[in-house]
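Comments concern the structure below.
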Amino acid sequence: MGALSEKQKQHLEQKLRTRLATLRDEIREALLASTEARHREIAGMVHDAADESVADLLADINLKGMDRDARELADVNAALDRLARGTLGVCRDCGGDIGLPRLEAQPAAARCIECETRREKQYAHERGPTL
Ligand SMILES: [Zn+2]
């Protein structure tokens, strides 16, 4: 594929990194607002930990809304990883082009709209729609 220009990639990377920073802030604030000492302890670690470790830290926390943020954090991380490997914008399921308009709206999208729609229908009973 390689349909994305350098400029588009840079733009998407910027969006992904901004989203990552926002998610970290949200996660940290939610943890700090918790009454549990363990949560506040983890909040202190969220800021400096590598992104992968943040996801790990949150994996066993059962805080409202946290699983959703942790999942999105993992999605954004995966997108940055695909960007580094040159596969951002390639659908994970069918290998087709995700398309720039969709990436502009959802830079972390891992699937084209057709595959995502099919998947959401399939998993709708298990989890809410994501990207
Ligand atoms: Zn697809």
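Counting starts at 1 for both ligands and their atoms, in listed order. Along the sequence shown, residues carry numbers from 1. The model shown is predicted, which means the values in this text are computed figures rather than measured ones.
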Within-4.5 Å side-chain heavy-atom neighbours: Arg92 and Arg82: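 A side-chain contact exists here, since the closest heavy-atom pair is under 4.5 Å.
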
Arg19 side chain near Glu72 side chain, heavy-atom distance below 4.5 Å: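 Arg19 reaches Glu72 side chain to side chain.
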
Heavy-atom donor-acceptor pair, Lys15 side chain to Glu104 backbone, under 3.5 Å: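 Between the backbone of Glu104 and the side chain of Lys15 there is a qualifying donor-acceptor contact (under 3.5 Å).
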
Gln106 side chain vs Leu103 backbone, donor-acceptor pair below 3.5 Å: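 Judged by distance alone, no pair lies under 3.5 Å.
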
Pairs meeting criterion salt bridge (Lys or Arg N to Asp or Glu O under 4.0 Å) with involvement of residues 20-32, two or more places apart: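 Residue pairs passing salt bridge (Lys or Arg N to Asp or Glu O under 4.0 Å), neighbours aside: Arg24-Asp51.
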
For the Zn ion (ligand 1), every protein N/O/S atom that sits closer than 2.8 Å, waters excluded: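 Under 2.8 Å from the Zn ion (ligand 1) - ignoring waters, which are not counted - the protein N, O or S atoms are Cys91 SG, Cys94 SG, Cys112 SG, Cys115 SG.
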
From CA spacing to verdict: salt bridge (charged side-chain N to carboxylate O under 4.0 Å, His left out), Arg85, Asp81: CA-CA 6 Å; Arg85 284 182 294 132; Asp81 192 48; 3.2 Å; yes

